[in-house]
Amino acid sequence: MQNSEIQRITNWLIDGARSSGTPSEMIAEVCEHLVAAGLPLSRFGIFIRTLHPEIFGRNFIWREGQKVEIGTVDFEILDTPEFARSPLRIVFEEGLEVRGRMDDPDSKRFPFLDDMRAEGVTDYLAMPMHYLDGSIHATSWVTRQPGGFSDDDIAAIRTLAAPLARVSEIISLRRTAEMLLDTYVGNRAGARILGGQIRRGHNDTMQAAIWLSDLRGFTALSDRLPAETVVEILNQYFDCQVTAIRGHGGEVLKFMGDGLLAVFPIDEYVGDAAHVCTRVLEAARESRASVEALAFPVGDIVERFRFGVALHVGNILYGNIGGGNRLDFTCIGPAVNLAARLEKITGRLGRTVVVSEVFANACRHDWRELGEFPIAGFSKAQRVYGLAEETPVVMA
């Protein structure tokens with residue numbers, strides 16, 4: 001092997017692999033240079049555990065002559081027999097190197113290596129990547145070279161372990177920040193915060209369709225059921241809306257008890273008001289169907305649910321609001337206030353979907369005029385519309 005080339009790759013990693021624009025490009029560049037330096041590498045994998053409520057980890061797999069494949073695994077993998085007998089389990093849990101030479105009978109203890117053996121692999125090495133926070137991640141190195149990796153090959157791989165871990169950790173920290181912001185404040189808001197909008201007063205005005213919803217009978221539900229059950233119900237109830245909202249271009253900004261605030265930005269990239277409002281209405285219909293289908297057994301009783309959602313269109317102030325060093329990325333403005341008032345009307349009218357006149361004008365549909373209603377804080381009564389297809393149900 002060319003030791004000078006290994007040192008050059010090591011220095012490049014220490015410098016942050018700045019010529020690579022993405023993690024996939026960085027991995028491909030490292031592997032291709034290692035092969036050029038004489039390392040008989042046919043497959044390389046890097047496995048990163050993530051801080052995410054649904055995803056256990058991500059993997060990047062490089063194969064000689066192919067593009068890097070990116071995948072994710074959920075937490076269910078931890079309970080599978082495959083993971084229990086995997087070399088990576090030992091790496092993750094014990095922080096140890098695991099080597100599987102195909103001519104070594106001991107490699108038979110890992111069923112995963114049977115597939116490798118069938119592909120002509122001669123040697124497999126799984127190594128821990130130690131992050132500065134104490135967490136353990138992993139890499140795997142595979143060769144088809146007769147006799148497997150040489151001692152010099154293994155030494156070169158170990159030389160690269162620390163700088164590869166540092167670059168990987170930097171990339172992972174950035175991605176973790178993005179995922180956490182996406183999880184807790186939403187994708188659009190998260191991107192703005194990472195972009196530097198972190199001071200009170202960093203606000204923008206934008207036009208958006210506004211979604212404000214509320215679960216019917218939530219106070220009575222909370223009074224008669226244990227708090228743990230109520231939380232589980234809320235999670236399933238919010239699932240009915242969040243999937244539809246995000247699927248149609250919206251961003252959930254807040255969960256407020258049983259209430260949900262979401263916005264659907266209107267701009268040249270996503271379409272005009274008519275286009276966006278049509279998608280919002282589709283999301284409302286999907287959510288209505290999902291909530292109607294939701295059945296939650298509690299003892300001998302099956303709880304069923306109804307909700308109301310108010311839809312409006314207007315300009316909102318979107319950005320950082322708060323006090324001291326505790327800020328919230330949210331939206332305010334008369335349009336949001338009106339949507340909140342309209343949401344209360346849905347319960348009085350026994351309707352699931354209620355929209356403002358502005359929304360009804362933007363979204364061509366078979367609307368039914370429900371009348372004019374005085375709105376607290378607004379000088380003029382507001383004309384309200386509902387879906388002609390919907391039958392009002394007044395809850396006792």
Q: Restricting to salt bridge (charged side-chain N to carboxylate O under 4.0 Å, His left out), what partner residues turn up for Arg175, sequence neighbours left out?
A: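 Salt bridge (charged side-chain N to carboxylate O under 4.0 Å, His left out) check on Arg175 returns nothing, list empty.
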Q: Test: salt bridge (charged side-chain N to carboxylate O under 4.0 Å, His left out). Region: residues 56-65. Which pairs qualify, not counting sequence neighbours?
A: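 Sorted pair list: Arg63-Glu69.
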Q: So, Asp153 side chain and Leu39 main chain: donor-acceptor pair closer than 3.5 Å or not?
A: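 It does not hold such a pair.
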Q: Enumerate, atom names and distances included, each donor-acceptor pair closer than 3.5 Å involving a side-chain atom of residues 160-167, sequence neighbours excluded.
A:
{"residue": "Arg166", "atom": "NH2", "partner": "His130", "partner atom": "O", "Å": "2.6"}
{"residue": "Arg166", "atom": "NH2", "partner": "Glu169", "partner atom": "OE1", "Å": "3.4"}

Q: So, taking the atom named CD1 in Ile301 and the one named CZ in Arg304, what distance separates them when rounded to the nearest 0.5 Å?
A: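 Answer for the CD1-CZ pair, Ile301 versus Arg304, is 13.5 Å.
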Q: Output yes when a side-chain donor or acceptor of Arg101 lies under 3.5 Å from a complementary backbone atom of Gly148, and no otherwise.
A: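 Side chain of Arg101 to backbone of Gly148: no pair is present.
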Q: Val73 versus Asn59: any side-chain heavy-atom pair under 4.5 Å?
A: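 Counting from C-beta outward, Val73 and Asn59 do come under 4.5 Å.
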Q: Can you tell me how far the OH atom of Tyr385 sits from the OG atom of Ser356, to the nearest 0.5 Å?
A: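 Rounded to the nearest 0.5 Å, the OH-OG separation comes to 9.5 Å.
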Q: In chain order, what residues pass the side-chain contact (heavy atoms from CB on, under 4.5 Å) check against Gln236, with sequence neighbours excluded?
A: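 Partners of Gln236 by the side-chain contact (heavy atoms from CB on, under 4.5 Å) criterion, ordered by chain and then number, come out as Glu232, Leu294, Phe296.
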Q: Answer yes if the side chains of Tyr131 and Ser168 hold a donor-acceptor pair under 3.5 Å, and no otherwise.
A: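 A pair is found: one side chain offers a donor N or O, the other an acceptor, under 3.5 Å apart.
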Q: Counting N and O atoms only, with roles assigned by atom type, does the side chain of Arg89 sit under 3.5 Å from a partner on the main chain of Ala84, one being a donor and the other an acceptor?
A: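 Between the backbone of Ala84 and the side chain of Arg89 there is a qualifying donor-acceptor contact (under 3.5 Å).
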Q: Looking at Ser20 and Thr22, would you say the former's side chain and the latter's main chain have a donor-acceptor pair under 3.5 Å?
A: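 A pair under 3.5 Å: no.
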Q: Using the salt bridge (charged side-chain N to carboxylate O under 4.0 Å, His left out) rule, collect all pairs that involve residues 71-88, keeping only residues at least two apart or in two chains.
A: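 Qualifying pairs, neighbours excluded: none.
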Q: Donor-acceptor pairs under 3.5 Å, side chain of residues 112-120 to any protein atom, not counting sequence neighbours: which ones?
A:
{"residue": "Asp114", "atom": "OD1", "partner": "Arg117", "partner atom": "NH1", "Å": "2.8"}
{"residue": "Arg117", "atom": "NH2", "partner": "Ser107", "partner atom": "OG", "Å": "2.8"}

Q: Check side-chain contact (heavy atoms from CB on, under 4.5 Å) between Glu282 and all other residues, then give those that pass, not counting sequence neighbours.
A: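 Glu282: side-chain contact (heavy atoms from CB on, under 4.5 Å) contacts with His248, Arg285.
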Q: Looking at CZ of Arg351 and CG of Leu387, how far apart are the two atoms once the value is rounded to the nearest 0.5 Å?
A: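 Between Arg351 CZ and Leu387 CG, I get 7.5 Å after rounding to 0.5 Å.
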Q: Scan for salt bridge (charged side-chain N to carboxylate O under 4.0 Å, His left out) pairs involving residues 360-381, sequence neighbours excluded, and state none if there are none.
A: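 Those involving residues 360-381 are Glu369-Arg383, Glu372-Arg383.
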Q: Check side chain to side chain donor-acceptor pair (under 3.5 Å) between Glu97 and all other residues, then give those that pass, not counting sequence neighbours.
A: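 Applying side chain to side chain donor-acceptor pair (under 3.5 Å) to Glu97 gives Arg158.
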Q: Using a 6.0 Å cut-off, check whether atom CZ of Arg224 has over 12 heavy atoms from anything other than its own residue.
A: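 Correct, the count exceeds 12.
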Q: Gln207: what forms a side-chain contact (heavy atoms from CB on, under 4.5 Å) with it, not counting sequence neighbours?
A: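 Gln207 satisfies side-chain contact (heavy atoms from CB on, under 4.5 Å) with Ile266, Val313, Asn315 once adjacent residues are dropped.
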Q: If a pair satisfies ring-ring contact (aromatic ring centres under 6.0 Å, His included) and one of its residues is in residues 343-368, list it, with sequence neighbours excluded.
A: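 Counting only pairs at least two positions apart or across chains, the ring-ring contact (aromatic ring centres under 6.0 Å, His included) contacts touching residues 343-368 are His365-Trp367.
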Q: Scan for salt bridge (charged side-chain N to carboxylate O under 4.0 Å, His left out) pairs involving residues 240-249, sequence neighbours excluded, and state none if there are none.
A: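 Residue pairs with at least one partner in residues 240-249: Asp182-Arg246.
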Q: Classify the side-chain pair Ser150/Asp152 by whether it contains a donor and acceptor separated by less than 3.5 Å.
A: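 Absent: no donor and acceptor within the cut-off.
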